[in-house]
Every structure is written in C-alpha cells, then in structure tokens.
Amino acid sequence: MTQNPDTVHETVRERYAAKAKSGSCCDSGDCCQTSGNQLYPKELLDTLPDDISDFSLGCGNPIAIAGLNEGETVLDLGSGGGLDCFLAAKQVGETGHVIGVDMTPEMIERARASASRMNMTNVEFRQGYLEELPVEDNSIDVVISNCVINLTPDKFKVFVEIHRVLKPGKRVAISDVVSNGPVPKALKENVEAWGDCLGGALEVKEYTRGLQEAGFENIKIEPKDAGGTILSKMPFGVPFPALITATKGNVVAKLDHRLQ
C-alpha cells in the first residue's frame with residue numbers, strides 16, 4: 001500500500017504544528033530520539049538562546065558534515081524551528097545566506113520570530129513543500145536537512161528538486177532515517193508511523209539509487225546511533241539514523257521514476 005501524499009502531508013503538518021505551538025520537541029516514538037544538547041557540540045549550542053538550542057526535531061547534526069564556508073548559500077529542507085539554519089548562518093557569516101523551507105506555517109512563524117529576536121539578517125524562512133521548493137535553479141551551494149526527507153511521500157521528486165536548486169558540483173549534507181532491508185508492512189501502512197519518522201524510511205539501496213538517478217555522485221551513507229556515533233555496520237530490519245553526503249553531477253533525472 002502506498003500512502004496518499006495529501007494524507008501524509010496533513011498528518012505530518014498537524015503533528016509538527018502542535019510541537020511548534022507547545023515548544024516541546026520530543027514525545028515517545030518521535031524521530032528526535034535524543035535532545036539537541038546531545039546531537040550538537042555544546043560550544044555551538046551556547047551561541048544560541050536555550051529555547052532555540054533545546055528545540056531539536058532532528059536525528060543528527062548535518063552541520064558537522066556540511067563543511068560550510070564563509071559566503072556560501074545554504075538551503076535547509078524542513079527547517080522546523082530554525083536551529084540548523086541559525087547554526088549554519090553563523091558559519092557562513094554576513095556574506096553568506098541561509099534559506100529554510102518548511103511546509104508548516106507554525107514552524108515558519110516560530111523560526112522567523114527567533115531570527116528577528118536574534119537580529120539574524122542572513123537567514124530567511126519560506127513556506128513550501130520539499131517536492132516543489134520555492135528556490136531558484138542553480139542558486140545553492142549546500143543543501144542540508146535533518147530527519148525530514150523520510151517524511152515526504154515522493155522522495156525522488158525531492159531528490160530532483162535538490163539537484164535543480166544546487167549549483168553545478170555543489171553538495172548535500174543530510175541526516176535522515178533509512179533502513180537496511182524492507183520497512184515492515186505494518187509501519188509503511190500506518191500513517192502515524194510516517195509522522196514518527198519510521199513508516200517513510202527508505203531502504204539504503206533505494207536512497208542511493210534515487211540520488212544517482214536524480215543526478216548525484218560521490219554518494220555516501222553512514223549509519224549512526226542516536227548520539228551521533230558512526231556505526232561499523234548497518235542495523236537490519238529496523239529504521240535507523242544515517243549521515244548522507246553527495247555532490248551534484250550532470251546526469252539528467254528520469255522524471256517518471258518512483259521509489260518504493
């Protein structure tokens with residue numbers, strides 16, 4: 001059974017709207033399996049107010065693998081409360097720029113309010129779907145994302161969109177939930193499990209194939225534990241967090257492709 005895209009979007013949006021309003025990131029079963037203070041180095045979090053640094057909905061730290069440079073333009077997919085955007089904005093500096101895209105109005109409102117409060121002028125937040133990014137072609141140096149692509153119903157379309165907005169030869173640095181072997185049918189068919197970052201987890205081989213066919217090269221997927229430590233081997237039969245990197249190549253995407 002394939003989930004209805006509208007149903008997935010609405011379920012995810014409702015769940016994360018509630019989190020934005022409450023200011024609480026983690027509930028039992030949610031994709032943020034550990035607090036932000038454990039996912040990121042303390043010295044990074046100390047540069048932000050506590051209500052921002054503690055509001056982490058991710059499963060990793062994409063900033064650690066992004067290799068951000070001063071002056072770069074960064075796009076964060078599923079930017080939530082803005083934590084990764086704010087950390088990236090500090091690294092790219094005043095000559096750089098960070099764009100966060102999220103489909104949930106309440107998250108956009110929360111992130112914009114935080115940016116205004118911190119007087120961060122090199123970061124902005126746009127509402128939109130990852131399958132239809134409100135971003136110009138060939139305008140981004142680095143795409144980051146933290147535990148969000150697994151929530152999307154059409155992941156190949158997301159990969160194609162990432163390829164479209166990246167400048168030639170530029171890169172992605174993603175933390176996401178994936179699987180080694182098929183996701184159990186009971187999870188795939190449970191829309192609530194999608195909201196928990198479980199039902200929509202893509203198999204590693206499919207994630208790799210999707211990126212390749214969207215036009216990416218140098219693809220690397222590394223499994224890790226909830227605290228961020230890289231594992232020597234992939235768990236089997238259960239979704240798990242991973243760090244994913246790749247660079248934009250010149251292959252033309254097959255737009256009729258569908259990932260399972």
Side-chain angles (χ1 to χ4, degrees), residues 39-40 58-79 84-85 87-88 91-92 96-99 101 130-131 133 135-152 154-181 200-225 228-235 239-260:
L39 291 173
Y40 303 85
C59 57
N61 175 9
I63 304 299
I65 58 172
L68 299 179
N69 300 305
E70 191 132 352
E72 288 189 310
T73 299
V74 180
L75 173 64
D76 183 11
L77 307 183
S79 47
D84 288 317
C85 287
L87 294 175
Q91 294 195 9
V92 300
H97 190 67
V98 179
I99 302 167
V101 173
L130 304 195
E131 297 93 336
L133 290 169
V135 180
E136 295 180 358
D137 296 358
N138 303 306
S139 61
I140 303 297
D141 294 301
V142 189
V143 170
I144 63 173
S145 187
N146 199 345
C147 203
V148 176
I149 294 177
N150 73 85
L151 297 171
T152 62
D154 192 339
K155 295 169 181 61
F156 184 67
K157 196 169 183 180
V158 176
F159 296 155
V160 170
E161 280 289 273
I162 295 172
H163 190 276
R164 176 183 67 80
V165 303
L166 275 174
K167 298 174 183 176
K170 296 302 183 176
R171 63 199 186 277
V172 299
I174 295 169
S175 178
D176 205 5
V177 173
V178 296
S179 69
N180 178 24
L202 200 60
E203 284 192 67
V204 169
K205 64 180 182 181
E206 285 289 280
Y207 214 112
T208 302
R209 181 165 66 91
L211 286 170
Q212 287 174 336
E213 294 191 12
F216 287 93
E217 303 172 340
N218 306 314
I219 301 162
K220 187 175 183 180
I221 299 179
E222 295 184 293
K224 66 181 192 63
D225 63 21
T229 301
I230 298 297
L231 302 175
S232 60
K233 58 192 299 185
M234 294 183 183
F240 59 89
L243 298 174
I244 300 154
T245 55
T247 54
K248 177 176 177 175
N250 297 315
V251 175
V252 177
K254 301 175 182 178
L255 296 179
D256 61 345
H257 180 97
R258 290 291 180 272
L259 296 174
Q260 301 301 314

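- Listed here is the closest heavy atom pair of A173 and P62: O-CB, 3.5 Å.
- Counting heavy atoms from C-beta on, the side chains of R164 and L133 come closer than 4.5 Å.
- Side-chain atoms of V178 and I244, non-hydrogen and from C-beta on, do get closer than 4.5 Å to each other.
- Among pairs with a residue in residues 61-76, those fulfilling salt bridge (charged side-chain N to carboxylate O under 4.0 Å, His left out) read E72-R171, at least two apart in sequence or across chains.
- The existence of a salt bridge linking E222 and K224 is excluded, since no basic side-chain nitrogen approaches an acidic carboxylate oxygen closer than 4.0 Å.
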Step-by-step side-chain contact (heavy atoms from CB on, under 4.5 Å) determination, N218 to T245: CA-CA 8 Å; N218 306 314; T245 55; over 6 Å; no
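- Taking all atoms of both residues into account, the shortest heavy-atom contact from V74 to A88 is CG1-CB, 4.4 Å.
- Rounding to the nearest 0.5 Å places CD1 of I162 at 8.0 Å from CG of L75.
- D141 CG to L68 CG: the interatomic distance, rounded to the nearest 0.5 Å, is 9.5 Å.
- Residues C147 and D176 come closest through the heavy atom pair CA-OD1, 3.9 Å.
- Closest of all the heavy-atom pairs between G58 and L39 is O-CD1, 3.8 Å.
- Here CZ of F159 is found 11.0 Å from CD of Q212. Values are rounded to the nearest 0.5 Å.
- The shortest side-chain heavy-atom distance between I140 and K170 does not fall under the 4.5 Å cut-off.
- Between the T208 side chain and the K205 main chain, no donor and acceptor come within less than 3.5 Å of each other.
- Taking 4.5 Å as the limit, some side-chain heavy atom of K248 sits within range of a side-chain heavy atom of N138.
- Atoms CD1 and OG, from I99 and S79 in turn, are 10.5 Å apart once rounded to the nearest 0.5 Å.
- Taking each heavy atom of A246 and I219 in turn, the nearest pair found is CB-CG1, 3.9 Å.
- Using modelled atom types, one finds a donor on one side chain and an acceptor on the other under 3.5 Å when comparing Y40 with D84.
- Separation of atoms CG (L130) and NZ (K155) is listed at 10.5 Å; rounding is to 0.5 Å.
- With rounding to the nearest 0.5 Å, the separation of CD in E206 from CD in E213 is 8.5 Å.
- In this structure, F216 and T247 have side chains that are not in contact, with every pair of non-hydrogen atoms separated by 4.5 Å or more.
- In this structure, N146 and C59 have side chains that are in contact, with non-hydrogen atoms separated by less than 4.5 Å.
- The two residues I63 and Q91 have their closest heavy-atom pair at CG2-NE2, 3.3 Å.
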